[in-house]
2 protein chains.
Amino acid sequence: MADDINSPVPGVTPKAAYHHGDLRAQLVAAVRDLVETYGPDGFSVSEAARRAGVSSAAPYKHFRDRHEILRGVVSEAMDRLFAGMEAAAAAYPVGSLEAMAAVGQAYVDFAKGEPGVFRLVFGLTEGHENAPDLLAKGESCFGVVVQAVAACLDLPLGDRDVQRRAYMLWSFVHGHSFLHIDMKTRVTTAEIDDWDYLMTISRAILARPARP
Amino acid sequence: MADDINSPVPGVTPKAAYHHGDLRAQLVAAVRDLVETYGPDGFSVSEAARRAGVSSAAPYKHFRDRHEILRGVVSEAMDRLFAGMEAAAAAYPVGSLEAMAAVGQAYVDFAKGEPGVFRLVFGLTEGHENAPDLLAKGESCFGVVVQAVAACLDLPLGDRDVQRRAYMLWSFVHGHSFLHIDMKTRVTTAEIDDWDYLMTISRAILARPARP
DNA sequence: GCGCGAATGTCAGCAATCCTCACATTTCAC
DNA sequence: GTGAAATGTGAGGATTGCTGACATTCGCGC
């Protein structure tokens with residue numbers, strides 16, 4: 001993932017520090033800003049190159065096409081999302097309801113903090129399905145949820161019920177994030193206190209409803 | 001299908017059948033197909049015009065810019081979504097758990113049936129926030145959910161708890177839809193039976209968790 | 001019928017974009 | 001040092017969004 005170290009140490013990071021200094025990372029950063037400011041489609045390779053101070057052809061020495069740059073942004077963003085979710089879980093006792101809600105809260109916070117990037121990460125358009133590294137990072141994030149749920153229920157990670165409830169939490173949080181940043185039903189979402197909402201959700205998910 | 005395509009531009013509605021025949025509607029249909037096939041960003045006005053058999057400048061006699069065409073597609077799609085949700089609710093007894101789940105199922109079906117359009121409707125990029133008609137249609141769809149939940153709980157529509165639980169169902173269904181069509185966690189979502197899932201969710205939402 | 005204005009279409013063209021090519025320059029490995 | 005690879009530049013083709021000027025057709029009052 002991040003070979004964004006612009007150190008002159010040879011052998012560790014053979015690339016990304018030649019002429020310009022670390023164009024690759026700088027392009028990704030520029031694109032991230034552009035996406036955040038103008039939305040996922042308000043981005044252009046030319047503008048990113050302009051911001052990095054290079055010609056409009058330079059990016060193509062580092063990325064095959066525009067989609068690959070976006071994939072770079074997504075990859076970096078998912079690392080941050082994963083870190084945020086893990087940190088949130090670690091802030092509460094293992095197996096506590098709060099830990100479960102906190103994981104969701106981290107997710108929502110990310111979406112609210114950088115809605116443009118969030119939309120890019122999860123509203124992918126093309127070329128992303130075949131990226132196994134992104135899939136893996138998504139599964140890692142899901143793993144954090146699974147872990148929190150499994151701890152609450154005191155069941156193994158692979159348990160089918162754990163997986164199912166973890167997925168419930170994820171869809172919930174995912175939907176809430178999108179509805180919020182897309183400002184659908186603005187009246188409703190505006191008056192929602194996230195933490196209270198997430199605690200309620202977590203409780204509802206953990207409760208064992210009567211199966212027919 | 002002489003649909004009275006809702007026009008944000010006043011004074012244009014009753015026409016749309018001069019030279020070409022019904023270019024406006026045909027353009028919207030072409031764009032819908034393009035969006036569905038190539039994704040929300042794989043669409044171009046030129047291609048739509050080409051498919052409609054007109055010059056690349058003709059669309060601009062009917063739409064101010066490309067975003068307005070997309071808005072037309074979104075508007076038409078939301079009408080269909082609304083109709084589907086209402087029909088689903090009407091297929092079960094008022095106040096039944098099944099009616100509630102069916103509304104969610106209609107939502108998920110729409111997302112699965114035309115994922116590209118669904119992404120366009122809810123993953124809006126620009127110029128949509130200011131469209132009051134689209135906002136209103138979104139609220140109408142939410143209203144169907146509210147109605148189903150209110151009937152289940154036997155409470156008035158405006159009840160705060162009803163609104164809250166309806167929003168829960170919506171976030172759930174919304175998140176599930178997106179996770180499915182984006183093929184995140186493909187393993188997990190692939191093995192989920194929607195109806196069973198939605199019934200479980202509905203039950204969990206209706207259950208009154210112990211408030212702290 | 002007829003003529004006029006508005007609605008609807010075409011064509012040409014500008015600016016921006018994505019991406020490729022040929023070429024220049026810098027760095028690394030030896 | 002030297003050669004190869006990596007990294008940059010500039011020019012340019014193809015496509016696109018959108019805007020003019022112009023041509024055509026429709027609806028409507030006479």
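First the proteins, then the strands, lettered A, B, ... as listed; each starts at 1.
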Problem set entry | Closest nucleotide among dC18(C), dG8(D), dG17(D) to the L23(A) side chain | dG8(D)
Seminar exercise, completed: Checking dT20(C), dT16(D), dC18(C) against the side chain of A57(A) (C-beta onward), the nearest is dT20(C)
Problem set entry | For atom CG of D41(A) and atom P of dC18(C), their distance in whole Å | 12 Å
Exercise. Can you check whether R64(A) has a side-chain N or O nearer than 4.0 Å to OP1 or OP2 of dC18(C)?
Worked result: no
Exercise. What do you reckon, are the aromatic ring centroids of F178(A) and F122(B) less than 6.0 Å apart?
Worked result: no
For this session: Give the rounded distance in Å between these two atoms: CG of L27(B) and C1' of dC18(D).
Result: 15 Å
Exercise. When the distance from CZ of F43(B) to P of dT16(D) is rounded to whole Å, what number comes out?
Worked result: 11 Å
Seminar exercise, completed: F63(A) CZ to dA6(D) P, in whole Å, measures 16 Å
Problem set entry | Rounded distance in Å - CG (D65(A)) to P (dC19(C)) | 5 Å
Exercise. In terms of side-chain geometry, is the basic nitrogen of D196(A) or R164(B) positioned less than 4.0 Å from the acidic oxygen of its partner?
Worked result: yes
Exercise. Rounded to whole angstrom units, what separation is found between the CZ atom of R50(A) and the P atom of dT9(D)?
Worked result: 13 Å
Exercise. Taking only N and O in the side chain of S46(B), is any of them less than 4.0 Å away from OP1 or OP2 of dG17(D)?
Worked result: yes
Exercise. At under 4.0 Å, does any side-chain N or O of H62(B) touch on OP1 or OP2 of dA7(C)?
Worked result: no
For this session: Check I181(B) against A111(B) and note the closest heavy-atom contact, atom names and distance.
Result: CG2-O, 3.5 Å
For this session: Could you say whether K61(A) or V45(A) is positioned toward the 5' end of DNA chain C, judged by the nucleotide with the nearest heavy atom to each?
Result: V45(A)
Exercise. Is it true that E114(A) and R32(A) have a side-chain N and a carboxylate O under 4.0 angstrom from each other?
Worked result: no
For this session: Determine: side-chain N/O of S55(B) to OP1/OP2 of dC11(C), distance under 4.0 Å, yes or no.
Result: no
Problem set entry | Among dC18(C), dC18(D), dC11(C), the one nearest Y60(A) by side-chain distance | dC18(C)
Exercise. Nearest-Å distance, CD1 (I69(B)) to P (dT16(D))?
Worked result: 13 Å
Problem set entry | Nucleotide dC18(C), atom P - distance to CD of E47(A) in whole Å | 10 Å
Exercise. Mind checking whether F118(A) and H174(A) have parallel, tilted or perpendicular rings, split at 30° and 60°?
Worked result: tilted
For this session: Taking only the side-chain nitrogens and oxygens of H67(B), find out if one of them lies under 4.0 Å from OP1 or OP2 of dG17(D).
Result: no
